[in-house]
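Structure record follows, encoded as structure tokens.
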Amino acid sequence: MTSDHTESARHAPPGRTRDHWRSVRQDLNRRRSALTARAVRAFPAHLRVAGTPLLARPGWIPDRPVPLERVRLVWTGDSPRAPVDGHSPALDPIRPLRDDGTPYATYAEAVRELARPRLFENRACYRLLGVSGGGTPTLTFGRGHYFDVIDICEAAAHEFAAAAPPEGEQPPDRARTPFRALIGDPTDLARRPVMAAIATLVLRHGPGRAPAHHDAEFVLHWRDPAKVATGGGLYQVTPVGMFQPSHDAPWNEANDFDLWRAIVRELSEELLGTGEDYGSDTAPIDYDGWPFHRALGEARAAGAARVHWLGLGVDPLTFVTDLLTVLVLEAAVFDELFRDLAATNEEGRLVGAEDGTGRSVGIPFRADHVERLTTAHPMQPAGAALLALAWRHRDALLD
């Protein structure tokens, strides 16, 4: 005998079936770049960063690179409740139904059961609450969780993909994307919980592996949709990672609340392929005692490693927010620290260029490569903006 719930699931609207949800999710990963180009058309051109799709409020992008040590972080502890979250009824149209006829409570719940990537944990994050200062930035943070990115950002992208057929270049009518309409201005940090990632463009500066006439080079990353829950199928600078403690144990919250420490952990994980287990479930990370962190710190103190803040921005499709940084490493330092550069990691694979001998090396930091990658390649908006801004400020960064 069939239950009422099972019968209701059998006759669910086409848009609420799990098969339809999976189909839209796959379509989203296939069309992320094209959908981003359509999504950005819904926003004023003056919000775009350096001609890329990334969106930023006035004051979010400094006029010139800011040394990272001049970026001030403020901690508030518990975060205020936001008007919009991943439980909004506006998301009902894209919540698939289970066999018993009940909908998945959140987008993350559907991803976990229907399209789970390799990395999928609802870990603690530092929630971005405020930005001020321009040339002397101050970033205010409170407590948050990673699944807010899935429940809000990926859900908003899914809704857009479902409403935007392959033909056409304009964004769908707002009436067909009620959740996005509810969010409104995606740069409003008080409207929804915002968990920021740190995106870092690493420039290897100086002679060595690249042809002699190329002074700097960089390595890109391709994000494997089978491994990651956001940005699958797109190219991105590397490393990129959520600004979050290394583990949910309480002693990490203060110890890891530092942009440089977060960048160093991601450098180790994405460029060297190391794991994310730092033993911080039992004790805080001893950064001064970690040889990799210590070596980078010594290079930074000597001027052979220079890290700058270039601002922050929001992806027009997913509403993911990225903090933009550039790390310039002198060639000798880069070659020593990354002699075992990993071809693949837990999130995808590194992308280089052929040097004519069959070896893959970094991509030369040149105008033609920057132009191609920021206009013709399926790049994440944050990566495209970082390349464009770094090229604009190349004299200051490489001097």
Side-chain angles (χ1 to χ4, degrees), residues 66-75 77 119 121 123-127 137 139 141-146 195-206 208 219 221 237-309 323-347 350:
V66 177
L68 191 68
E69 56 269 21
R70 284 173 46 192
V71 179
R72 178 170 174 257
L73 304 187
V74 175
W75 177 250
L119 298 175
E121 295 180 81
R123 286 176 44 196
C125 289
Y126 301 116
R127 175 182 164 187
L139 309 178
F141 292 89
R143 294 187 179 93
H145 287 87
Y146 175 65
M195 309 302 137
I198 306 174
T200 303
L201 171 65
V202 178
L203 293 174
R204 177 190 177 276
H205 184 215
V219 180
H221 188 235
V237 299
T238 185
V240 177
M242 299 303 300
F243 186 33
Q244 62 185 166
S246 56
H247 188 275
D248 284 357
W251 44 78
N252 298 308
E253 186 175 78
N255 193 53
D256 298 335
F257 186 55
D258 182 278
L259 295 178
W260 174 242
R261 289 180 173 183
I263 290 171
V264 173
R265 295 203 314 267
E266 292 296 332
L267 284 167
S268 178
E269 293 164 18
E270 293 197 7
L271 296 189
L272 294 178
T274 61
E276 296 185 12
D277 184 1
Y278 296 90
S280 54
D281 56 331
T282 57
I285 298 173
D286 177 10
Y287 285 98
D288 292 336
W290 181 12
F292 182 69
H293 181 274
R294 189 170 59 247
L296 278 167
E298 291 170 354
R300 195 176 171 193
R306 303 179 298 279
V307 58
H308 285 83
W309 164 265
L323 311 178
L324 310 177
T325 63
V326 175
L327 172 62
V328 178
L329 288 172
E330 296 304 318
V333 174
F334 183 98
D335 294 346
E336 173 65 23
L337 292 177
F338 298 104
R339 67 178 70 171
D340 297 321
L341 195 66
T344 61
N345 56 41
E346 288 296 310
E347 298 184 3
L350 300 187

- Out of curiosity, Glu121 CD to Gln244 CD, how far, rounded to the nearest 0.5 Å? 9.0 Å
- Which of parallel (below 30°), tilted (30 to 60°) and perpendicular (above 60°) describes Phe141 and Phe257? perpendicular
- Message: Rounded at 0.5 Å granularity, tell me how far OG in Ser280 sits from CG in Asp256.
- Response: 6.5 Å
- Task: Begin with the C-alpha distance, continue with both residues' side-chain angles, and end with the deciding distance and a verdict on side-chain contact (heavy atoms from CB on, under 4.5 Å) for Phe338 and Arg204.
- Result: CA-CA 11 Å; Phe338 298 104; Arg204 177 190 177 276; over 6 Å; no
- Query: Listed by chain and number, what are the salt bridge (charged side-chain N to carboxylate O under 4.0 Å, His left out) partners of Glu266, not counting sequence neighbours?
  - Reply: none
- Message: Given 3.5 Å as the limit, does a donor-acceptor pair link the side chain of Thr325 with the main chain of Ala199, or not?
- Response: yes
- Task: Evaluate the side-chain contact (heavy atoms from CB on, under 4.5 Å) criterion for residues Trp309 and Leu323: first the C-alpha distance (whole Å), next the side-chain angles of each, then the deciding distance (0.1 Å), finally the verdict.
- Result: CA-CA 8 Å; Trp309 164 265; Leu323 311 178; 3.7 Å; yes
- CZ on Phe292 to CG on Leu271, rounded to 0.5 Å: 7.5 Å
- Message: So, taking the atom named CD1 in Ile285 and the one named NE2 in His293, what distance separates them when rounded to the nearest 0.5 Å?
- Response: 9.0 Å
- Minimal heavy-atom distance between Ala305 and Leu327, with the atoms involved, is CB-CD1, 4.4 Å
- Query: Measuring from Arg261:CZ to Asn252:CG, what's the distance to the nearest 0.5 Å?
  - Reply: 11.0 Å
- Summary of salt bridge (charged side-chain N to carboxylate O under 4.0 Å, His left out) pairs that have at least one residue in residues 275-293, sequence neighbours excluded: Arg123-Glu276
- Check: Arg300 and Leu68 side chains under 4.5 Å, non-hydrogen atoms: yes
- Task: Indicate the atoms forming the closest heavy-atom contact of Ile263 with Pro239, along with that distance.
- Result: O-CG, 4.4 Å
- Heavy atoms, side chains only, cut-off 4.5 Å: are Phe334 and Val202 in contact? yes
- Contacts of Arg294 meeting side chain to side chain donor-acceptor pair (under 3.5 Å) (sequence neighbours excluded), chain-then-number -> none
- Item | Rounded distance (nearest 0.5 Å) linking atom OG1 of Thr238 with atom CG of Leu267 | 8.0 Å
- Message: Determine whether a donor-acceptor pair (N or O, by modelled atom type, separation under 3.5 Å) exists between the side chain of Ser268 and the backbone of Thr274.
- Response: no
- According to the ring-ring contact (aromatic ring centres under 6.0 Å, His included) rule, which pairs have a member within residues 263-282, sequence neighbours left out? Tyr278-Trp290
- Applying salt bridge (charged side-chain N to carboxylate O under 4.0 Å, His left out) to Arg127 and not counting sequence neighbours gives none
- Set of salt bridge (charged side-chain N to carboxylate O under 4.0 Å, His left out) partners for Glu330, sequence neighbours left out: Arg306
- Minimal non-hydrogen separation, Met195 against Cys125, with atom names: SD-CB, 3.8 Å
- Message: I need the minimum non-hydrogen distance between Leu272 and Asp340, along with the two atoms involved.
- Response: CD2-O, 3.9 Å
- Task: Starting from the C-alpha separation in whole Å, work towards a yes-or-no answer on side-chain contact (heavy atoms from CB on, under 4.5 Å) for Leu329 and Leu296.
- Result: CA-CA 9 Å; Leu329 288 172; Leu296 278 167; 4.0 Å; yes
- Task: Show your working on side-chain contact (heavy atoms from CB on, under 4.5 Å) between Met242 and Tyr126 and close with a plain yes or no.
- Result: CA-CA 8 Å; Met242 299 303 300; Tyr126 301 116; over 6 Å; no
- Hey, are the side chains of Leu139 and Phe243 touching, using non-hydrogen atoms and a 4.5 Å cut-off? no
